[in-house]
> 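Sharing a structure, written as structure tokens. Questions coming.
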Amino acid sequence: MPRNWLADLQSLYSSFDPITSINSGQVFLWEKHRDSSWYGVSGDHILKIKQAGCELFEFSSFPEDKAWHRRMFRLDDDARTIFGEISRDSLVRRIVRLYPGLRLMRQEPHQCIFSFVCASNTNIPMIRRMLHNLTRKFGRPVKVDGLEFFTFPSANDIDRADIDELRSCGLGYRVRAIKSAAHAIASGQLDFDVLKAASYEEAKKELLQIYGIGNKIADCILLFSLEKLDAFPMDVWIARALLENYSWLHQEEFGDKLTLHQYEELSNSARRYFGKYAGYAQQYLYYHMRQTAGKKW
DNA sequence: GTACAGGCAGTAT
DNA sequence: ATACTGCCTGTA
């Protein structure tokens, strides 16, 4: 580790870039409009980020919430400590320097659950389309800067929603999974405060009870909305990254598709290796894989 | 036409 | 326990 690494970290921390973060594949409902402003949907709020200069951003929200960006981009976390914790090798050190503005985001739990249930066996443009349709059909219209947006529907909204109307959002066979998740939340079976206070293992066990939530989706929900920064969601991109750069982390060979056992082994090895902020390392590796693969979303 | 996309659950071995 | 298969839908 270079001697000036800690001083380096301080400068990395100050280069926080919300635009990179919202475009790193963890959130789906953000759009760019005229004059370089980005608008996003988070629960009942429409959020806005305007780039006012190099590394200078203005954050606003409708209705007003002056602190939303602190919460959403986890600016209450100590990025310096986190970067230090996950920098276990030259690869992570390199990509933290490469994308110093990238942050893990804190999402509304219900929106996060519906988003990642929609994400099963499809691609990001399709996920965006499904969620966009859901907001238009079941959300509430909000005018911001002369543009029309729709809030994200509540679990109750989805729980009460008509099956055919849900189907018309392009969800396909995911309708059943969306419905079961909505009912679990609306009925109180899933209690976000309880899940946040619980350990990673306990909270994951609860999520896995829900029809339509498996290993990967559960880990995304835990990491992005339930404060489990040690969760390490394992998808084909991350598996590839681990296979190429951390072959010593796993014993057995595996192909493109992971078996249940392989998922557990890989994810848990990565969690042990990267430590309590493993999920942050995952986001960096994921973003780097997508960047180098030239994916546009 | 056919393969494929950031999984999951149900069924068969 | 582990492997195999179908699944909505849109795009290449």
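The shown structure was predicted, so the numbers you read here are calculated from the model rather than taken from an experiment.
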> Please confirm whether R176(A) makes a cation-pi placement over Y211(A), using NZ or CZ under 6.0 Å from the six-membered ring centre and within 45° of the ring normal.
yes

> Considering residues at least two apart in sequence or located in another chain, which fulfil the side-chain contact (heavy atoms from CB on, under 4.5 Å) criterion with A161(A)?
F138(A), L166(A), K179(A)

> dT9(C) P sits how many Å from L134(A) CG, rounded?
14 Å

> Can you name the ring pair (Phe, Tyr, Trp, His ring centres under 6.0 Å) partners of W30(A), sequence neighbours left out?
none

> For DNA chain B, list all stems, counting runs of three or more consecutive pairs where every pair is Watson-Crick or G-U wobble with both distances under 3.5 Å.
B:2-5 with C:9-12, B:7-13 with C:1-7

> Of the nucleotides dT2(C), dC8(C), dA3(C), which has the atom closest to the T259(A) side chain?
dA3(C)

> Taking the P atom of each, how far is dC8(C) from dT11(B), in whole Å?
15 Å

> Would you mind classifying the nucleic acid contact of L260(A) as base, sugar-phosphate or nothing, using non-hydrogen atoms under 4.0 angstrom?
nothing

> Taking the side chain as C-beta and beyond, is there a heavy-atom pair between S37(A) and K32(A) under 4.5 Å?
no

> Within this structure, what is the CZ-to-P distance between F116(A) and dC8(B), rounded to whole angstrom?
12 Å

> For I178(A) and dC8(C), give me the distance from atom CD1 to atom P, rounded to whole Å.
14 Å

> Can you tell me the distance, in whole Å, between the CG atom of L171(A) and the P atom of dG10(C)?
11 Å

> Contact class for I238(A) vs. all strands (heavy atom < 4.0 Å): base, sugar-phosphate, or nothing?
nothing

> Round to a whole Å and report the spacing from NZ of K216(A) to P of dA9(B).
14 Å

> Using atom OH of Y263(A) as one end and atom P of dC8(B) as the other, report the distance to the nearest whole Å.
8 Å

> Closest to the N123(A) side chain: dA5(B), dC8(C), dT2(C)?
dA5(B)

> If you assign Q282(A) and I213(A) each to the DNA chain B nucleotide with the nearest heavy atom, which residue ends up on the more 5' nucleotide?
Q282(A)

> Would you check if R71(A) and D65(A) make a side-chain contact, meaning some heavy-atom pair closer than 4.5 Å?
yes

> Starting at the 5' end of DNA chain C, which residue's closest nucleotide do you reach first, N121(A) or R129(A)?
N121(A)

> Between N215(A) (CG) and dA9(B) (P), how many Å, whole number?
10 Å

> I want to confirm an ordering. Mapping R176(A) and C220(A) to their closest nucleotides on DNA chain B, which one lands closer to the 5' end?
C220(A)

> The side chain of Y211(A) is closest to which nucleotide in this list: dT2(C), dA9(B), dC8(B)?
dA9(B)

> List the steps and the verdict of salt bridge (Lys or Arg N to Asp or Glu O under 4.0 Å) for E227(A) and R106(A).
CA-CA 8 Å; E227(A) 306 295 323; R106(A) 178 186 275 130; 2.7 Å; yes

> Any side-chain heavy atom of N215(A) within less than 4.5 Å of one from K204(A)?
yes

> Within the modelled atom types, does a donor on one side and an acceptor on the other bring the side chain of Y173(A) and the base of dG7(B) under 3.5 Å apart?
yes

> Can you measure W237(A) atom CH2 to dG7(B) atom P for me and round it to whole angstrom units?
11 Å

> Quick one: label I210(A) by what it contacts on the DNA or RNA (base, sugar-phosphate, nothing), any heavy atom closer than 4.0 Å.
sugar-phosphate

> If I compare all heavy atoms of Q26(A) with all of M105(A), which pair ends up nearest, and what's the gap?
OE1-N, 2.9 Å

